Structure formats: C-alpha cells, structure tokens
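Read through the structure below, which is laid out as structure tokens, and then see the notes.
This structure is a prediction, so every number in the text was calculated from the model and none was measured.
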Amino acid sequence: MEFSFSSSASKIVHSTAFTSLESGDALMIGVACLLVYLAIWKKFEPLLLLPMGFGCLLANVPMSMMASTDTGGLLNFFYQGIKHEVLPPIIFMGVGALTDFGPLLANPTTLLLGAAAQIGVYMTLIGAVFLGFNMQEASAIGIIGGADGPTSIFLASKLAPHLLAPIAVAAYSYMSLVPLIQPPIMRLLTTEKERKVKMEQLKPISQTVKIIFPVAVTIVCCLMLPGVTPLLGMFMLGNMFRESGVTARLHETAETHLINIVTIFLALAVGSSMTAESFLRLETLKIIALGLLAFAFATAGGVIFGRIMCKLSGGRVNPLIGSAGVSAVPMAARVSQKVGAEEDSSNFLLMHAMGPNVAGVIGSAVAAGVFLSLFGDASTSMDTHAALAPIIGNPEPGMQAVATVVEAIKQ
Amino acid sequence: MEFSFSSSASKIVHSTAFTSLESGDALMIGVACLLVYLAIWKKFEPLLLLPMGFGCLLANVPMSMMASTDTGGLLNFFYQGIKHEVLPPIIFMGVGALTDFGPLLANPTTLLLGAAAQIGVYMTLIGAVFLGFNMQEASAIGIIGGADGPTSIFLASKLAPHLLAPIAVAAYSYMSLVPLIQPPIMRLLTTEKERKVKMEQLKPISQTVKIIFPVAVTIVCCLMLPGVTPLLGMFMLGNMFRESGVTARLHETAETHLINIVTIFLALAVGSSMTAESFLRLETLKIIALGLLAFAFATAGGVIFGRIMCKLSGGRVNPLIGSAGVSAVPMAARVSQKVGAEEDSSNFLLMHAMGPNVAGVIGSAVAAGVFLSLFGDASTSMDTHAALAPIIGNPEPGMQAVATVVEAIKQ
Amino acid sequence: MEFSFSSSASKIVHSTAFTSLESGDALMIGVACLLVYLAIWKKFEPLLLLPMGFGCLLANVPMSMMASTDTGGLLNFFYQGIKHEVLPPIIFMGVGALTDFGPLLANPTTLLLGAAAQIGVYMTLIGAVFLGFNMQEASAIGIIGGADGPTSIFLASKLAPHLLAPIAVAAYSYMSLVPLIQPPIMRLLTTEKERKVKMEQLKPISQTVKIIFPVAVTIVCCLMLPGVTPLLGMFMLGNMFRESGVTARLHETAETHLINIVTIFLALAVGSSMTAESFLRLETLKIIALGLLAFAFATAGGVIFGRIMCKLSGGRVNPLIGSAGVSAVPMAARVSQKVGAEEDSSNFLLMHAMGPNVAGVIGSAVAAGVFLSLFGDASTSMDTHAALAPIIGNPEPGMQAVATVVEAIKQ
Amino acid sequence: MEASVSAAVSVSALAMSVIFMVLIILIFTIKLLVKLIPYEAPPAPPARKVSAASSQPEQDDQVAAITASLAAHMGKRPDEFRIVNIQSR
Amino acid sequence: MEASVSAAVSVSALAMSVIFMVLIILIFTIKLLVKLIPYEAPPAPPARKVSAASSQPEQDDQVAAITASLAAHMGKRPDEFRIVNIQSR
Amino acid sequence: MEASVSAAVSVSALAMSVIFMVLIILIFTIKLLVKLIPYEAPPAPPARKVSAASSQPEQDDQVAAITASLAAHMGKRPDEFRIVNIQSR
Ligand code: NA
Ligand code: NA
Ligand code: NA
C-alpha cells in the first residue's frame, strides 16, 4: 500500500461521512435532535427518549456502523437483545419490582378498566388494516394504545420488526403526552357530578395475598396465553422479589442498576433502528396518527367503562379512574388524581387510580398475548422474517445459513 | 390467511397451554410452587430458590418457550451462561469478594477440616455408582456433599448436564437444611467434654499476607488442577478486590450488583432446566437421597477429623468446628457456634469455625478440580455431549454443525 | 473406561499443569505477579492493572483454558467483547458520565493543546515504522502516546489485534507513570517566569451549552471521522446523561456499576491475551520503549505549544497546562497543578489544566479516527485478520466458516 | 380491503372477549385469595418478621465475633469480659 | 524501509493537519455556542429546575397518597383531615 | 457393577489423597507466608495507608479547585484569599 500525502489525503476525504451524507440521513439527524430536545426540555420520558434519540443520531452518521442493520456494529449488538426478546422482559422484571399491586388487590374489579382501555388497541388495529397494513403489522401498531413501552417493543419485534422504530417512538412519545391528551377526553365524557364522586378507602391487603398474587397471575395468564410468558412471567418475578421480603438484594438490583443498564442498551438499540430507510416513509406518519387515535380511544374506553361501573355500583366508582387503565404508570393515575382534584380539591383518587393503572399493564400484556396466539406461530414468524430480510437485514445468518447448507448437502 | 371469528377463536383455543398441558407439566408446576414456598416461608436459600422455582414455573407452561431446551427462548439464553460456564465463575468472584480468609490464615491447619469434610463427596460417589450412575454422573452427584452451590452447578454442567436440575435443587435445599441436619450428628460424634473445649484467640494477620494469599492459592491449586481455574481463579480475584485496598469500586460492584444480576440469571436458568422430562425420573429421587447422605457424611467426616485434631493438639481444638468444613458459609460456622454455646454459653467458636468454613469452599473446589482432571478431558466431554444431545437438546448447533459440514465437504 | 488407582493416578499426574509448564509460561506468571505488585503497592492504575495482571496469571496456567485464544473458555468469552469492540465504548460512556467539560468550554482554545499533545502519537508512529512495524501496527503503537486506555485498546483490536496485550500494558503502565515522566520534561522546556504565569479565572458556562456541546461534538467529529463513532459517540452520550439533568438514574449507573462491571471484564480479557506466545517477543520490548518515547513527546508537544500560546496571548497562558493535553484524566492536570505550585504556591492551575486534559481525550479519539479512516477500511481489516489468524487464533470461526462453506457449495 | 377490515373487526371482537374472560378469571382468583387470606390487624409483613426473627441470632453472632476480635486485641480470653448489646448504626 | 518511513512522515503530517482542523472547527463551534447562549447570573441548572418544577405536583401526589393511606389506617375519610406539608428526608 | 464400585473406591481414595496433598501444600505455604511477613502491632492496612498517603495531595487539589471556583464566583483573584482546610462530609 502506498501512503503518499496526497493519496492519504484523498482517502481521508473520501472516508468522511460528508461525502456519503444523503438528505435522508441529515433529516434523521434532525429527528434525533428533536427527540433529544423533547427528552431534555419537554421531559418526554427522558430515560428512554434521550438514549433513543442519541442512538438515532449515531446510527445516521453514514459509515459509522452504528445502525441496527450494520452487522458487527456496537448498536447492532445491543439490537440483538431486542430481536431475541431478551431486553424487554428484563425491563419488565424491573417494572414488576417497582410495582405495588396493593390498590388492585383491594379493588379487583378495576381490572375491568384495564381491559376496557384496550379498546384503543382494537380501534387502532381496525384503523391500521383500513390504512393498508396487514394483520400482524396492524396488531403491532394497535398495541401502542396499550401505552406500555416494553410490551410495544416486544410485540413489534415479533410481529413487525420493520416497524419497530416508529412504533417505539410513537409509544414513548404519546406516553409522555398522557397529561395533555387525556384530560379533555375525560372531561368530555363525564358529568361534573360523576367527577365529584368520592371513593371509599381501599381495604388493606394481607402480605400473603400480595406474595401469592404474582404466582397466580403467572399460572392463570400464561397457561391461557403462553406467548406472553417472557413478558408477564418476568414482570411477576420482579414483583415476587419485592413482596416476598426475603430477596431484598435481588429486588434492589432489579429495580435500579439492572433495569438502568438494560434501559440504556434497549433505548440505544431502538434508536439505532431509526434509519432514514426504515423511518422516513409514509407508514411512519400513519403510525404516528394511529398512535394518537389509539391513546384517545384507550382513554375513552376506560372512562366510558368507568361510567358503566359508576352506574352499576350505585355511584361508588369515580369514572375518572377509568382513564388510568391505559398503563403509563404512574402518570395516568396522576392525571386521574389531578382532574378529580380540579373538580373538588378534597377528592383523592390517586390510590384508587393505581388499581386500573397496573391493571392496564396486565391488560396490554394480555392483549399482546392474544395477538401472539393468533399471529405469532412459528411458520408465520419465519415467513415474516424471510420476507423482511431484504429490508431489515439479516443479523443472524449463522444458524440459518447452517440449516440451509445442511439441507443442501443432504439432497 | 383468513381471520373469521370462528377460525380465530379455534386458533386461540388451540394455542392455549391447557390443550397441551400434560400431567408431568402440572406436577412440575406444583414442584415449582413448593420451591417458592420453601424459599419464602421456610427461608431455604431464598436468593437462589425463589428465582429457581419461578424459572421452573415458567419453563413448565407448555409452549411458553421458557424451558432451557427451547432454542431462542429467554431462559435458554440465560442457560447458555451455565452451559458455557460463564455464570458460576462470576458468582464465585462475588463470593470471593465477600470472603474473609483471616481466620483461615490465623489457623491454617483448619484447612485439613475442609479436606476431611470432602469425605461426604466420596461416600456419595461410591453410593451413586452403586445405584447405577456412571462415574461422571456419580462425581457430579457426589459434589453435592461439598455444600457449595456454584461448584455443584459448574461441575454438573461439565460432567452430567442432564442431571443439572436435580443436583442444583438438592445442593441448595440441603445447604438450607444445614442447621437441621448437622447438630444431631455433631452431638452424636462428640463427647460433652470435647464440646466444651475453648479455643485460643486467633492471631491477627498482616494485610500483606491477606493480599498474597489469593495469588498463592491460585498458583498452587490451579497449576496442580488446571480444570478448576475458572472457578478458583475468579474466587481469588474477588478476594484480591477485597483485600488489596486499591480496588474498592470493583470490590463493591462484585459483591453487590454484579453477583445479584448473575444470581438472577443463573437461578432462572437452573429452574428452566427443571422440565418434567429431565426432573420427573427415578434418578431425581436417588439424587435427593444421595444428597442427604452426602451432607451427613460430610458433617461426620469433619467432626471426626476434628476429634483427631483435638487429640493431636492436646485438647486445644474443639471438634465442633469440624462440621463447618462443609462450606455453606456462614451457616455451617454459625451451627458450630450454636452447638458450642448450648454446652457452655461462654464458648465463642464462630470465628474459629470460619476457618474450616472457607477451607470447605476451597476443599470442594479442589475436589471438583480432581474430578475434572480425571473425567473432564476433551474427548470424554464431547462423547458425553453427543450421548446426551437427544435428552438435553443441543443448544449450540451452530459451531458443531459447521464442523460437521466442513468435514463432510472435505471428504 | 477403567479407573484403577494407578491408572487414575497417572491420569491426574499427566493432567497437572506442571507437566506442560514451559519456561515461557512461568515467566509470564512472573510478569503477572509484577503487574499485580505494581497495581497494589505502586498504585499503577490498580482498577485496570490488578484484574489485568490476574487475568494474565490465569491465562498462563497451562490447560486452564483461560487464554484469550482458548475458544469456549471464560476469558475468551470476555475477549469477544474487545474483539467486537463492545467493551471499550461502554467504558467510554462511563468516562463521559464522569467528565466535566466546563473548563474546556470556558477556554476552548485549550483544545489546541489536546491536539498538540498528539505529536507524541506521530513521533512514535514514525519510530515504529523505523523499527520495522507496518503502518497499521505503527498506528496502534503510536496511540499509546494519546495516554488513553480504552482508545488504545479499541484501536489495537481493530488494526493490530496481535499486539493488543503489549499495547494495553504499555498504555496503562505509562499512564500511571505520568507523575514521574512529565515533571522533568515540563521543567526542561519552560522558563521559571513562564511557570509562574497566573491565569485568569474561568468563565462560568451556561448549562444549556453544556447540554448542547456533546451533541455538537458528535455531529462534527463523527461526520468527519465516522470510524471513531462508537468511542466518541458513547463518550458524549455518557456526558449527556450527566449534564441533561433528567437522566440521573442512567448517569449513576453508567458512572458506577456499569463501568465497573465492564472494567472487570475488559481488564481480564486484556490480561488473558498476555500469553507467552504473544507477549514474550522482541516486539514487546520495542513497544515498551516506543511507549515511553510517545509519552515524552506528547508531554513535550503540549508544553511547547503551551509556550506558543503563552507568547501569542501576551503571557496569559501558563505553558505548564500544555502537558495536561495527554489525557490521563485527572492525573495529568494534577501534575500541572503540582509543578506550578512548586514554583509559586499561590498558583492554581488545576481547573485550567482540566481543559486541555479533557481536550486530550477528544484529541486522541480524533487521532484514532484518522487512523481508522486511513487504515481501517473493510478490505484491509479482513486481510489483517486472515493474516493474523494463525497467530491470534480465530475466535469467531462460525460466521466465516459458514461463508466459506456457502461459497464452496455455490461453485 | 373490505374483507380484511371485517376480519380485523372479527379479530378485535374475539380478542376483547378473551381479554375480558382472562381478567374476569383473575378477578375471581383475587376475590378468592382475599377471602381465604384476610388481612390481619397488626400488620406483620414477612419482611419485618424475617429481620425480627433472624436479627436475634445474627446479633448473637455479632456479639460472639466482636467479643472474639476484641479479645484478640485486648489479649484477654473471651470469657473474661462480656458484651451485652450492640447498637447498630 | 526508507520509503515506509517517509510514508509515515507523510501520514503523520496529514493526520496532524486533520486533527488541528477538526479541533479548530470544534473551537469555533464552542465559541459560537457560548456567544449565542451566554451564562446567566443566577445559576439555574436544568437539573434543579426539574426538581423544582416537578416537585410541586409530585408532592401533591405524595400528599394525596399519604392522606389516602393514613385515612385507610385511621378509618377516617380523606376529607376529614388535611396534610399540609411533607418534609422530605 | 462390582467392578465399577471398586473403581469408585479407587478413585475416591486417590482423590482424597490428592485433596489432602494439595491442602497440605497450601498449609505450608500459609505458614511460610505468615512467618516471613509477621503481623505488625499498629495495624496499618494498605487501604488506610492509601487514603492517608494520597489524601494530602488530593486535598491540596481540592483546595486548589475550590479556591479557583470560589474565585470565579466572587470575582476575586485566587491569591487574594486562602482556604486553609476542608472538612470532608
Ligand atoms: Na395498557
Ligand atoms: Na465444601
Ligand atoms: Na490524549
């Protein structure tokens, strides 16, 4: 090799990213900066959107080898943790370690509010099919209405990996917008009298019940919808660490440094999948629109079902807690509290809204499980993968190539 | 694909785990609940048995893809960390960071008690061969008598991976039962006079010796028994972090969050290998019976050797510290303290028993090293693996398939 | 298989490492002990050199399967994290989380001192070519002069993986020697009057600038030198976690337990590559000599450029802060402070020296980026790897074998 | 398109039914649990029980350990003096 | 050898030029940034702003939560008493 | 079966011998170490030595750093005032 000054200079010039920077890359760098801005100055789920935006920035520097499709690159390595569904369940374990099911156990019928809020998922599914997405894609888009980040990522990586980036961005952005999106809908769909309903104090719950509950949920839900076991099972394991009282060390690690480490890797990986190719499409706009629809309908579904429960209970349930059924813990519950307190400052809905709030987490996990039962079987996912390989790249060629080769030789 | 209501409904019904739940799965879910119960309400090594039991629960939900043999599943991913012997050495590094060799250094002859307690290992080996296990399996079962969880898992994953689940469960369960199993044996094998022996104060040890010791152990033991280097070397590295006084950051991480993270993954992975197929066999009952034998003989070996040392030292060694030679730090040392204090409440054996206790850790690592030298050579382990492939699945087909293919093509 | 006492005994004797211990191994065990000694008793970068030395010790026990080239071994597993450039960027994220760019932002021209100190890199590059290294190797050796451990490891693993061990050892050893190497050179190249120059107070910097700065650096530097994105991008992400004020959780994890975990793995992996075969060569001596040259010239470059800035600024810059341009944060800045205070005890250079100090980190990352642009293109690195395979082993045969096989079949 | 939208409606109806079914089963499970294991007035969560139960032997151990090391430093026999109580930080 | 040493000199000269160029661009970027966004006297770093801005609603929530649970334990209705302020640890 | 049991006995005997041999070597190593490096009365573990040795320069640095930043905020030159000592938390 020759290294004269001029040949080297020319080599350096040609290796700068400027020479291959296309308008799409530049636009995506702008999108990345926007996400970082929203995270820091607008406090939009900063723990996720800051590293996600930064990952997007790195991925869109041409030749940086930081896109999720750059085999051998750093962020592709983290991306494997999403692709193989390792990172979202670990996050969910941490969320479980942070979750108190007490309010839900004290008032179990609020689980129905968590179910009702899933109506947003299905309205969006129908809307997505109407806009031309296929059923798997539509399911992955619909789950945005569940307002649950890890669940959205988990399902998207299984059913529609090529849409992972816009789905994740939409999910986390709208989760941050819960305090803006929900209140007008809540006020629109309730009467002043209903908003002033005061709820009875929650019964205290035996610690034993709190310990048995996660095991019971795991057995009941996972047997019915086995596809959701990685997510729901790990969620409940984290909660066991919390409630059992004998695993304080593991509890502390799961809810602090382990979830933090995994959050960094997950968010970077999601950001790295936000390339111009995968993000700057008409589909992204559709998904962003559908996501807003999803949140609005989820809120409406919860509130309307809250009104029904209000009626049936003879006015002992404040329908404002219904909107908390969307997940987005604890933001949605705080919104219920705030809207309630605006009407009557002596009205304390926060703890009552925590019930539907954590029910919403279970609800969207169950919704994901239903989709996995319907669309997640092996053959479909294989087909999906093969179909998408040209788009999303094929980061796991080893195994499959071996299989192919072995087949070829056998013949 | 068609998605009518009825076809979809039939699909969901067929995808529930109920339709493929066999009696074995249900029984294993019961076993899982039993482990969780023992962990929480009986405090049986909860840090291990709680996630292990929960992993077993998840693995036995049919179609959950959470068994250790489900390639591509979450717990199969963690299981690779056992199969490739990554997790047990990291745990051992944390244990080293938590271990104080001071009492052992002050009274080095107690290392012999750690050796004597290994008699339990060999009585069990002989018993296991008698019950029809082959030599590798018998070694892996015998090491239960070493009362050391990570060592048991490390050796089982090398010599008898198909027995990993029952061996791990037996090892951790009996470790928890040390306070029940040991005292009667200790009282039976010692006289009242011996139990009342008061021991001299331990000499203080120079910090320099504490720093050099782990290096010396590594050089001496690993040169003689290289197979145990991953385990013993990492143990001593953790202890260096502790004693060196210049790596406080690494010490803190190794003994808290790193060991916690790895414990969660390891325990889940062990649990995930407890499938009906691998656990509900006659062998499991045999292993559980042999494990009890192992602990009893280990205790007896330590106590009897303690009596010998008592005689030889002219009554300056209390034989009760012999039982601490089984590992199970610091539980076994506490049992020595307690049984001694029952006889004479002014008798303080705890620190003296810590010597044989940590000697027991070294002793069982050395015992594992001997087994690896005898049975762990490359060809044997390959054969073992090939033989077991139909049973335990073959979670690493990539490499071997490539090798096969390359061979095939060459011909 | 037969297991008579004598056959077993012979097997054990033949499996000890003594029977295959060669003089090279013994010598490397001595080197390992030397590193551990320097780490603990001389405080040479103990966080790195202690685990590195211990990894070297473990790797050089014959048949321990702990060398970086032992496929399937524990330290080979960690070594993959270096080979695939995962660990150094994570370390850099932690370093970014620990770095305060305030002094640099208050006095941005000190960036030039960080550039000037890179002259050490190039003098060494020329020296290395003179001593017979090829251009890639010479670049990897030269970067030692950047005084930045992770950058050295990152570049060496890309351009000259067979020299990784001596380069890492030289880099970290000389970094520790900064307080010994620099002062005489600093005094030699400055006049007493210059050393007494007092500098103006640093201006305070708006938090918004501190937040925007890492994004700006990433965009500017990574677009110009995309090869350095994994390192520089993650560095700046860590700094964002610190300055943004909205990601305290992630900041804390990145600068404590995550960097600690990765440091343990990285150092062990580097140590495991210090085998007799790769380390006991003439090249190692050359690299150690060149490393000293590199540090001396880097210091001189910084100080001389400091004098130029002193002149140009009309005596408002103390040239002693120039030596801090080598990185080695915060040691080099402390050396500037100390040498300045010796001349006039009321002279406070520490904060002023922090500017060139962190500039030195950016400077050596940029230098690495230039080398990657020049020598790091895909084809070259492939060639390099193929050429080195017989020496460094081929720890990733899977992918490549598959590729070969697929090629072979196609034909 | 129309066909697939109607399929989407079917799927949605079915899925909502399944969700409600699963969650209703959960509600009854919870009600059963809460009925079988009622809350008892003096809140004695296992967590505290643990520390309460194990703190005594642990403190005994600590007393023993500290006694032993004090003895070593003071050059006395452990039974020549007695530590009564340890105030934890 | 001679050829490669001269190549090394070329490469070094070039690389130093690139480094200085990149860092000079950075210097001007910083100067621009500092000029556009000057430091304002009362140091109000976002970190503190955050806590200041969000602490109020958070404390409201805390007050609500604590009121609710106190109510539960005291057997009173939440509106029968009022928590005015919470002193954080 | 009988053959393999006797093999197991052989192996066990051998293994116990090896273990005792290894641990006896360790015992002598320890005794040698403890003899060569006896414990010295005033316990000066390296850990503390470190902090003692390095705290002085570190505190000097801290004094310098704090002086510099104080100077910046007070608008004085660092040599116009003097920080004598810093009490760590
Ligand atoms: Na939800
Ligand atoms: Na043991
Ligand atoms: Na540098």
Side-chain angles (χ1 to χ4, degrees), chain A residues 81 84-86 88-90 93 134-136 208 211-212 214-215 218-219 222-234 236-238 240-241 243-254 256-258 261 369-370 372-377 380 398-399 401-403 405-406 408-409, chain B residues 1 3 8 11-18 20-21 25 29 32-33 36-37 39-41 43-44 46-47 49-51 53-55 57-59 61-66 71-75 77-78 253 256-261 263-265 267-268 397-402 404-405 408-409:
Chain A
H84 296 291
E85 289 133 28
V86 172
I90 299 178
M93 180 170 69
N134 71 28
M135 207 66 105
Q136 279 91 337
T208 310
I211 296 173
I212 295 174
V215 176
T218 305
I219 293 177
C222 296
L223 278 181
M224 281 194 277
L225 301 162
V228 80
T229 307
L231 217 51
L232 201 60
M234 294 294 279
M236 293 303 158
L237 174 61
M240 290 288 282
F241 287 157
E243 301 295 352
S244 71
V246 292
T247 50
R249 283 180 71 112
L250 306 183
H251 175 223
E252 198 206 330
T253 291
T256 61
H257 293 289
L258 181 53
I261 291 172
V370 174
L372 288 171
S373 291
L374 280 170
F375 312 122
D377 55 11
T380 314
M399 293 293 196
V402 168
V405 169
V406 171
I409 287 167
Chain B
M1 236 182 296
F3 293 110
S8 297
K11 195 158 183 194
I12 285 203
V13 168
H14 283 95
S15 72
T16 64
F18 287 118
S20 51
L21 187 76
D25 304 322
I29 290 178
C33 291
V36 169
Y37 171 80
I40 298 179
W41 281 280
K43 315 267 179 303
F44 273 31
L47 296 179
L49 286 193
L50 175 56
F54 214 88
L57 172 59
L58 301 180
V61 171
M63 304 188 300
S64 67
M65 291 289 290
M66 294 288 264
T71 309
L74 178 69
L75 299 191
F77 177 74
F78 297 156
T253 292
T256 59
H257 293 289
L258 180 52
I259 193 175
N260 293 351
I261 291 171
T263 298
I264 294 172
F265 294 167
L268 278 173
M399 292 293 197
Q400 295 184 4
V402 169
T404 318
V405 170
I409 288 167

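Note that the CZ atom of B/Phe54 and the CE atom of A/Met240 stand 6.0 Å from one another [nearest 0.5 Å]. Atom OG of A/Ser244 and atom NZ of B/Lys43 lie 9.0 Å apart (nearest 0.5 Å). Annotation: the span from A/Thr253 atom OG1 to B/Ile259 atom CD1 amounts to 10.0 Å, rounded to 0.5 Å. Here the straight-line distance linking atom CZ of B/Phe265 with atom CD1 of A/Ile90 works out to 4.0 Å at 0.5 Å rounding. If you take CH2 on B/Trp41 and OG1 on A/Thr208, they are separated by 6.0 Å, rounding to the nearest 0.5 Å. If you take CG on A/Leu223 and OG1 on B/Thr16, they are separated by 8.5 Å, rounding to the nearest 0.5 Å.
Not a single salt bridge (charged side-chain N to carboxylate O under 4.0 Å, His left out) links A/Glu252 to another residue, sequence neighbours left out. Scanning for ring pair (Phe, Tyr, Trp, His ring centres under 6.0 Å) contacts around A/His251 gives an empty result, with sequence neighbours left out.
Smallest separation of non-hydrogen atoms from A/Val246 and B/Ala39: CG2-O, 4.0 Å. Here the shortest heavy-atom pairing between A/Thr247 and B/Pro46 reads CG2-O, 3.7 Å. In this structure, A/Cys222 and B/Ala17 approach most closely via the heavy-atom pair O-CB, 4.3 Å.
Residues B/Leu74 and A/Met234 form a side-chain contact, since some pair of their non-hydrogen atoms from C-beta on lies under 4.5 Å apart. You'll find the side chain of B/Lys11 stays beyond 4.5 Å of the side chain of A/Ser373, heavy atoms only. When side chains are defined from C-beta on, A/Leu237 counts as touching B/Leu268, because their heavy atoms get closer than 4.5 Å. Taking 4.5 Å as the limit, some side-chain heavy atom of A/Ile219 sits within range of a side-chain heavy atom of B/Cys33. Proximity of B/Tyr37 to A/Val215: side-chain heavy atoms (C-beta onward) are nowhere separated by under 4.5 Å.
Heavy atoms of B/Met65 lying under 4.5 Å from chain A are absent altogether. For a residue to count as touching a neighbouring chain, one of its non-hydrogen atoms must lie under 4.5 Å from one of that chain's; by this rule A/Met236 touches chain B with backbone and side chain alike. Within the 4.5 angstrom heavy-atom criterion, atoms from both the backbone and the side chain of B/Leu47 approach chain A.
When B/Asn260, B/Leu50, B/Ile261 are each tested for a side-chain contact (heavy atoms from CB on, under 4.5 Å) with A/Leu250, only one passes: B/Asn260.
Among the candidates B/Gly72, B/Pro51, B/Ser20, B/Gly73, the residue making the largest number of heavy-atom pairs closer than 4.5 Å to chain A is B/Pro51. Options A/Pro230, A/Ala254, A/Gly369 differ in how many heavy-atom pairs under 4.5 Å they form with chain B, and the most are formed by A/Pro230. Among the candidates B/Val61, B/Val36, B/Thr256, B/Leu75, the residue making the largest number of heavy-atom pairs closer than 4.5 Å to chain A is B/Val61.
Remark: B/Phe77 CZ is loosely packed, at most 12 non-hydrogen atoms of other residues, nucleotides or ligands lying under 6.0 Å away.
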Run the numbers on A/Met93 and B/Ile264 for side chain to side chain contact (heavy atoms under 4.5 Å, CB included), then give the verdict. CA-CA 11 Å; A/Met93 180 170 69; B/Ile264 294 172; 3.9 Å; yes
